[in-house]
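To start, the structure itself, in structure tokens.
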Amino acid sequence: MAGCVDCVYIISTPFYWSRQGPENRGQTAESQHACGFPSICRDRICDTPRRYAPRFVAYNTLGGEKPMSIDLRNADSRVLHEPFSEHLGASSPHAALAWLIGVLATQSSALRSSNSYLVAYTGCVQAIDWLEATVASPVTTHWGQGAALLGTPWPRIEIWLAAAGPRQMMALDTLVAYRAPAPNMAPLAQIAAPVLPEAPALSEYQTTLNAVLNEQSTPRTKKAVESAIGYADEILSRDKRGVSVADLPMLFLKPELFENASEIMSRHEKVISGVRESVQDLLAQFPPRS
């Protein structure tokens, strides 16, 4: 099977994807790249998963290449956790990134948006390029969370702010994700505690964001700008990350190894348990159906 060595078809790793059906090789246009990420694709020649996505078959080379029925087109982050962990643990970060963005390319725009932050846990800063090139409506906060985890610096965020549209919204969410860790954040994000590289002076920061506010009047944009300005002290003054970008794969695989992780995970579990109990209490108020 010919294919791009850095793209979806990574046959040197324990898990690889094979497509059944006609082949579609020789696609050199960026829009046809299976990985959607030509900047890390050595050969610039690869098969695209989009056209034959319904016919993916996964093979476990450690188990005699027995086919497994796995369809990740509709997988949310919880379902993706196990196969993504397999790739992080068994292959290089770049191979894991290529596999993940290949999967995301087959998903709906809404599902891809909610799963987009996962690319950060490959620890590949090149994933910022993918976020920039791929972000599209609906722009959930997950794009910005991924960009912050990857350490996107202020100069690049400033370019996104000037671009308007989805990139501008991602830029605002990225800034908010650089605030100090808080209990209402995802536990891994609290542990990682990303900080804004090349942070500007407060005056420049406020001027740039006020300009966005003057040009855009959508409720979503206004709320994000107000949040970014409100958290300005936290965003601009912090200078020490909790977990380096290079260590994000290990954080995803074994969060318990990192400082304060046990406390954060325990606190998060208590919150989740409380929510479950509240839902159960609410449901108990309704009589069972006959």
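Along the sequence shown, residues are numbered consecutively beginning with 1.
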Distance-minimising heavy-atom pair for A177 and G144: CB-O, 4.0 Å

Listed partners of E259 passing salt bridge (Lys or Arg N to Asp or Glu O under 4.0 Å), at least two apart: none

Which atom of S91 lies closest to which atom of A96, heavy atoms considered: OG-N, 3.9 Å

Side-chain heavy-atom pair L248, L188 within 4.5 angstrom cut-off: no

Non-hydrogen side-chain atoms of F84 and V103 separated by less than 4.5 Å: no

Salt-bridge contact R156-E198 (side-chain N to carboxylate O under 4.0 Å): no

Pairwise side-chain hydrogen bond (donor to acceptor under 3.5 Å, both in side chains) hits with a residue in residues 229-238, at least two apart: none

Closest contact, heavy atoms only, A224 versus M169: CB-CE, 3.3 Å

Contacts of type side chain to side chain contact (heavy atoms under 4.5 Å, CB included), residue A171, not counting sequence neighbours: I157, W160, L161

Residues in side-chain hydrogen bond (donor to acceptor under 3.5 Å, both in side chains) contact with D76, at least two apart in sequence or another chain: R78

By side chain to side chain contact (heavy atoms under 4.5 Å, CB included) - contacts of M250 (at least two apart): K254, L257, F258

Contacts of R220 that satisfy salt bridge (Lys or Arg N to Asp or Glu O under 4.0 Å) - sequence neighbours left out: D173

Intermediate values then yes/no, side chain to side chain contact (heavy atoms under 4.5 Å, CB included), L213 and V225: CA-CA 7 Å; L213 195 58; V225 170; 4.1 Å; yes

Hydrophobic cluster (4.5 angstrom, side-chain heavy atoms) - remaining members for F286: L282

Joint cluster assignment, F252 & V245, ILVMFWY side-chain distance < 4.5 Å: yes

Side chain to side chain contact (heavy atoms under 4.5 Å, CB included) between L149 and Y121, worked out: CA-CA 8 Å; L149 286 168; Y121 289 103; 3.5 Å; yes

Residue list, side chain to side chain contact (heavy atoms under 4.5 Å, CB included) with P219, at least two apart or on another chain: none

Non-hydrogen side-chain atoms of S116 and W130 separated by less than 4.5 Å: yes

Gap separating the CD atom of E132 from the CD1 atom of I159, nearest 0.5 angstrom: 7.5 Å

Minimal non-hydrogen separation, L209 against A228, with atom names: CD1-CB, 3.8 Å

Nearest-0.5 Å distance, CD of residue Q190 to CE of residue M265: 10.0 Å

Residues N115, H142; criterion side chain to side chain contact (heavy atoms under 4.5 Å, CB included); working and verdict: CA-CA 7 Å; N115 288 331; H142 300 94; over 6 Å; no

Minimum heavy-atom distance between C124 and L150, given as atom pair plus value: O-CD2, 3.4 Å

Residues L131, V119; criterion side chain to side chain contact (heavy atoms under 4.5 Å, CB included); working and verdict: CA-CA 9 Å; L131 292 169; V119 299; 4.0 Å; yes

Shared hydrophobic cluster, Y178 / V212 (ILVMFWY, side-chain heavy atoms < 4.5 Å): yes

Reported CG-to-OG1 distance for the pair L175 and T152, which is rounded to 0.5 angstrom: 10.0 Å

Within 6.0 Å of CD in E82, more than 12 heavy atoms from elsewhere: no

ILVMFWY network linking L172 to L236, side-chain heavy atoms under 4.5 angstrom: yes

Separation of M185 CE from R179 CZ (nearest 0.5 Å): 4.5 Å

All side-chain hydrogen bond (donor to acceptor under 3.5 Å, both in side chains) counterparts of D247, not counting sequence neighbours: S244

side-chain hydrogen bond (donor to acceptor under 3.5 Å, both in side chains) partners of residues 199-213, not counting sequence neighbours, each pair once: W154-E204

Which residues share a side-chain hydrogen bond (donor to acceptor under 3.5 Å, both in side chains) with S113, sequence neighbours left out: T140, W143

Minimum-distance pair of heavy atoms, taken over all atoms of S109 and P138: OG-CD, 3.9 Å

Heavy-atom check, side chain of P187 versus side chain of P255, under 4.5 Å: no

R276 side, atom CZ; Q280 side, atom CD - distance, nearest 0.5 Å: 8.5 Å

Reported CD1-to-OG1 distance for the pair I128 and T174, which is rounded to 0.5 angstrom: 9.0 Å

Test item: S266 side-chain N/O and E263 main-chain N/O as donor-acceptor pair under 3.5 Å: no

Residues in side chain to side chain contact (heavy atoms under 4.5 Å, CB included) contact with A75, at least two apart in sequence or another chain: L72, V79, L80, Q107

